[in-house]
> 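Can you read through this structure? Questions will come right after.
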Protein chains: 2
Amino acid sequence: MNINLKSKYDARVKIIKAMAHSTRLFIVDELSKGERCVCELQEMIGDDFSTVSKHLTILKNAGLVLSNKRGNQVFYKIDATCACKIICCADNIIKNKLKSETKIAGLKTSIR
Amino acid sequence: MNINLKSKYDARVKIIKAMAHSTRLFIVDELSKGERCVCELQEMIGDDFSTVSKHLTILKNAGLVLSNKRGNQVFYKIDATCACKIICCADNIIKNKLKSETKIAGLKTSIR
DNA sequence: ATATTATATGGTAATTTTGCCAAATTGTCA
DNA sequence: TGACAATTTGGCAAAATTACCATATAATAT
């Protein structure tokens, strides 16, 4: 693959990889409801603080979320609304897959 | 995180992970233009046949593409059009990020 | 100043992903 | 049938990701 094309795909991959983890998807989902501080997210997720913090850094570096420090708390919010659309697309794909699987199951039944 | 919620996110992650690789993004992009056989994709990508084949298997298992054997060639095509939308979303995020970065650069210049 | 709270960073072991080679499979054609 | 072409699968080493602990940093309160 040529070098320019490769870097175009690498830029896209960076975004998509940032979302390719259940914790980070959860965070995006949660932030789509509104701003949350790290401690709120950590409590919901249950992982170590440092783990949650690193997930947030990945999302931030990818340009998906923004952080804002107030006092000694850091609040995160969605920067790219398209991140939510990506989740929506994933849900559509899951729905379609289930539909086509039941269709196949139905065909198999009707063959008997 | 509770177990049901976790599995909901895992299903989404499976889809997104399937797209989280530059070669696989390229394949989705290419297939969005039309059906392609493995050898065509392999030639464009340049990786080993087995590598390309494994990428295709990942996309197929995620429900993003379909395969169809004709003669001794296997043709792949897009199953989930939403896969293309995800790429589109990634592009939007990249565009916004560039925009906000130049805005910040502009502010810094105007401070001088 | 010092203790405390909230978050980020460095280091590291465990796990997952990747990509190549070799071998197996499937279909075509002589 | 046997040779060949296209694709997939198994095995494995290298690279990347993940999650924890310990430590560092920053803001607040005493």
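Chain letters run A, B, ... following the sequence lines, proteins first and then strands; every chain starts at 1.
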> Please report, rounded to the nearest Å, how far the P atom of dA6(C) is from the CG atom of Asn68(A).
17 Å

> What is the distance from CD of Glu43(B) to C1' of dA6(D), rounded to the nearest Å?
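Interatomic distance, CD of Glu43(B) to C1' of dA6(D): 14 Å.
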
> Whole angstroms only, please: what is the CD-C1' distance between Glu40(B) and dA5(D)?
15 Å

> How many whole angstroms separate atom NZ of Lys60(A) from atom P of dT7(C)?
13 Å

> Any idea which heavy atoms bring Tyr76(A) and Leu31(A) closest together, and the distance?
O-CD2, 3.4 Å

> Distance only, no hydrogens: is a donor on one side chain within 3.5 Å (strictly under) of an acceptor on the other, for Tyr9(A) and Asp29(B)?
yes

> Quick one: which residue pairs count as a side-chain hydrogen bond (donor to acceptor under 3.5 Å, both in side chains) with a foot in residues 43-65 of chain A, not counting sequence neighbours?
Arg24(A)-His55(A), Asp48(A)-Ser50(A), Lys60(A)-Ser67(A)

> Round to the nearest Å and state the distance from Phe49(A) atom CZ to dT5(C) atom C1'.
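To the nearest whole Å, that distance equals 9 Å.
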
> Can you identify which nucleotide, out of dT7(C), dA27(D), dA22(D), has its nearest atom closest to the Lys69(A) side chain?
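For Lys69(A), the side-chain atoms sit closest to dA27(D).
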
> Shorter than 3.5 Å, N or O on both sides, protein versus nucleotides 13-19 of chain D: list them out with atom names.
| residue | atom | partner | partner atom | Å |
| --- | --- | --- | --- | --- |
| dT17(D) | OP1 | Lys17(A) | NZ | 3.3 |
| dT18(D) | OP1 | Arg24(A) | NH2 | 3.4 |
| dT18(D) | OP2 | Arg24(A) | NH1 | 3.4 |
| dA19(D) | OP2 | His21(A) | NE2 | 3.3 |
| dA19(D) | OP2 | His55(A) | NE2 | 2.9 |

> Under 6.0 Å from the ring centre and within 45 degrees of the ring axis: does the NZ or CZ of Arg70(A) meet both conditions for the six-membered ring of Phe75(A)?
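Arg70(A) over Phe75(A) ring: yes.
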
> Is Ile87(B) linked to Ile16(B) within one hydrophobic cluster, defined over Ile, Leu, Val, Met, Phe, Trp and Tyr using a side-chain heavy-atom separation of less than 4.5 Å?
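Shared cluster, yes.
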
> For Ile27(B) and dT18(C), give me the distance from atom CD1 to atom P, rounded to whole Å.
12 Å

> Let me know the distance between CD of Gln42(A) and P of dT7(C), rounded to the nearest Å.
9 Å

> So does Asn72(A) reach the base of dT28(D) with its side chain, donor to acceptor, closer than 3.5 Å?
no

> Going through the distances and angles, do Leu64(B) and Ile78(B) end up as a side-chain contact (heavy atoms from CB on, under 4.5 Å)?
CA-CA 6 Å; Leu64(B) 303 181; Ile78(B) 292 287; over 6 Å; no

> Classify Tyr76(B) by what it touches in the nucleic acid, base, sugar-phosphate, or nothing, heavy-atom distance under 4.0 Å.
sugar-phosphate

> Take atom CD1 of Ile16(A) and atom C1' of dT17(C), then tell me their distance rounded to the nearest Å.
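Taking CD1 of Ile16(A) and C1' of dT17(C), I get 17 Å after rounding.
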
> If you measure from CG on Asn68(B) to SG on Cys37(B), what distance do you get to the nearest 0.5 Å?
12.0 Å

